[in-house]
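These notes are about the structure you will find just below.
Letters go in sequence order (proteins before strands), and every chain restarts at 1.
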Amino acid sequence: MQNRESIQIPIPKNLNFKNCIPQIDRRYEESLYKVENGCIRRLIRLSSGTALIEITADINFMNIQLTKEDISQQDLLESQKYVLEWFDMDRDISLFYDLLRKYPQTKEFPKLFQGLRIIGIPDLFEALCWCVIGQQINLTFAHKVKNILVQRYGKSQMINDNTYYIFPTPSDLLHVDREEFVKMQFSKQKIDYIQNISEAFCSGVLKKSELKSLSKSDQMNKLLSIKGIGPWTANYVMMKSLGDMTCITYGDTGLSAALHTLFDTDKKPNKSTIDTIFEPFTGWESYLNFYLWSSLSND
DNA sequence: AACCAGGTTATGC
DNA sequence: GCATAACATGGT
């Protein structure tokens with residue numbers, strides 16, 4: 001028997017739910033959540049089982065509807081924590097906005113993207129797999145591959161005639177035959193990477209909570225020690241999953257394009273060029289990186 | 001039809 | 001250390 005409960009979270013300064021939605025609801029197929037009329041629905045994993053959350057917002061509050069069997073206080077707490085992390089709500093970004101206004105290339109950002117937060121990927125394993133899938137292929141295709149993987153190996157639940165999926169766990173993928181991955185259009189190289197990463201989680205080499213307690217350079221080294229995780233992926237997941245605010249996705253196609261357009265750099269700016277541009281944003285590199293990505297689809 | 005895509009590893013100088 | 005090739009295939 002499904003029960004329903006709701007939670008209200010006051011919306012912090014410089015968080016605009018409506019302006020966050022385009023970052024979640026891209027024009028790609030997506031099976032991990034549904035976005036419709038300003039409402040985001042997705043299945044999430046709580047310690048006592050899965051739950052559907054439906055997120056809406058008015059001017060002052062974010063409203064989270066929880067659907068689950070036997071909802072406990074703990075479930076409500078964990079759901080709230082999930083949303084706070086997903087939307088990076090526990091952060092005051094006004095200092096970042098002050099910095100953006102200082103420079104001609106970014107001074108319009110606070111207006112253009114008012115209240116946009118880094119949209120996280122709370123599941124570290126999902127973030128890493130997404131990086132591997134997306135490596136060197138176009139995003140349309142990458143989303144197709146991800147959706148097939150999710151629908152085939154992720155847990156699903158039917159609620160009110162809709163099927164919702166959760167990204168597969170490392171053990172869900174650990175023993176999937178290579179042939180099955182080939183059918184899903186993974187390259188042999190990417191199959192190795194996915195299996196390496198799954199194994200790292202299953203054996204305890206990689207664990208989000210443990211990684212979060214390490215220093216930045218230790219996190220980086222641990223991630224880079226796994227075959228399939230390079231500098232781009234390490235920075236990406238540290239930004240999107242570990243809450244590190246100082247990440248730059250060097251070599252990233254989108255970042256390069258944005259810097260070329262806005263800062264008149266080479267089409268593929270090198271590390272020192274990028275560092276010079278990011279230097280004044282120390283402590284907010286991830287946000288600048290994220291806003292630069294957003295600037296690509298906003299012309 | 002050619003070129004590119006939310007990169008990473010292996011190899012060679 | 002830095003440049004280059006191989007990976008692998010759909011999208012534009």
Using the closest heavy atom to pick a nucleotide of DNA chain C for each, name whichever of A:Gln135 or A:Asn138 lands nearer the 5' end.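 By nearest-heavy-atom nucleotide position, the 5'-most residue is A:Gln135.
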Would you tell me if any nitrogen or oxygen in the side chain of [X] comes within less than 4.0 Å of OP1 or OP2 on [N]?
X	N	answer
A:Thr233	B:dT8	yes
A:Gln189	C:dA6	no
A:Ser187	C:dT9	no

Rounded to the nearest angstrom, tell me the gap between atom [atom1] in [X] and atom [atom2] in [N].
X	N	atom1	atom2	answer
A:Ile133	C:dG10	CD1	C1'	15 Å
A:Asn270	C:dG1	CG	C1'	15 Å
A:Leu259	B:dG6	CG	P	16 Å
A:Asn196	B:dT9	CG	P	9 Å
A:Tyr250	B:dT8	OH	C1'	18 Å
A:Ile194	B:dG7	CD1	C1'	13 Å
A:Tyr28	B:dG6	OH	P	6 Å
A:Lys144	C:dA8	NZ	C1'	16 Å

[X] near the nucleic acid: base, sugar-phosphate alone, or nothing, with a heavy-atom cut-off under 4.0 Å?
X	value
A:Gln136	base
A:Leu255	nothing
A:Thr249	nothing
A:Gly228	sugar-phosphate
A:Ile191	nothing
A:Lys190	nothing

Rounded to whole angstrom, note down the [atom1] distance from [N] over to [M].
N	M	atom1	answer
C:dA8	B:dA2	P	22 Å
B:dA5	C:dC7	C1'	13 Å
C:dT12	B:dG6	P	10 Å

For A:Phe125 and A:Phe201, take the angle between the two ring planes, folded into 0 to 90°, and tell me which bin it lands in: parallel under 30, tilted 30 to 60, perpendicular over 60.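 Ring orientation of A:Phe125 relative to A:Phe201: perpendicular.
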Over 60° means perpendicular and under 30° means parallel, so classify the ring planes of A:Phe281 and A:Tyr103, tilted if in between.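 The arrangement is tilted - the two ring planes meet at 30° to 60°.
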Could you tell me which nucleotide pairs with B:dA1 by Watson-Crick or G-U wobble geometry, both distances under 3.5 Å, or answer none if nothing does?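 Its partner: none found.
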From [options], pick the nucleotide closest to the side chain of [X]?
X	options	answer
A:Ile137	B:dA5, C:dG10, C:dC7	B:dA5
A:Tyr236	C:dG11, B:dG6, B:dT9	B:dG6
A:Phe141	C:dA8, C:dT9, B:dG7	C:dT9
A:Gln185	B:dG6, C:dA8, C:dG10	C:dG10

With distance as the sole criterion, is a donor-acceptor pair present between the side chains of [X] and [Y] under 3.5 Å?
X	Y	value
A:Ser48	A:Gln74	no
A:Thr249	A:Asn289	yes
A:Tyr250	A:Asp275	yes

Take A:Asp252 and A:Ile229, find for each the nucleotide of DNA chain B with the closest heavy atom, and name the residue whose nucleotide sits nearer the 5' end.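 The residue closer to the strand's 5' end, by nearest nucleotide, is A:Asp252.
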When you measure from the centre of the six-membered ring of A:Tyr164, is the NZ or CZ of A:Lys34 under 6.0 Å away and within 45° of the axis?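 Flagged: A:Lys34 positioned over aromatic ring of A:Tyr164.
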Does the Lys NZ or Arg CZ of A:Arg117 fall within the cation-pi geometry relative to A:Trp86 - under 6.0 Å from the ring centre and within 45° of the axis?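 Judged by the rule, A:Arg117 and A:Trp86 form no cation-pi pair.
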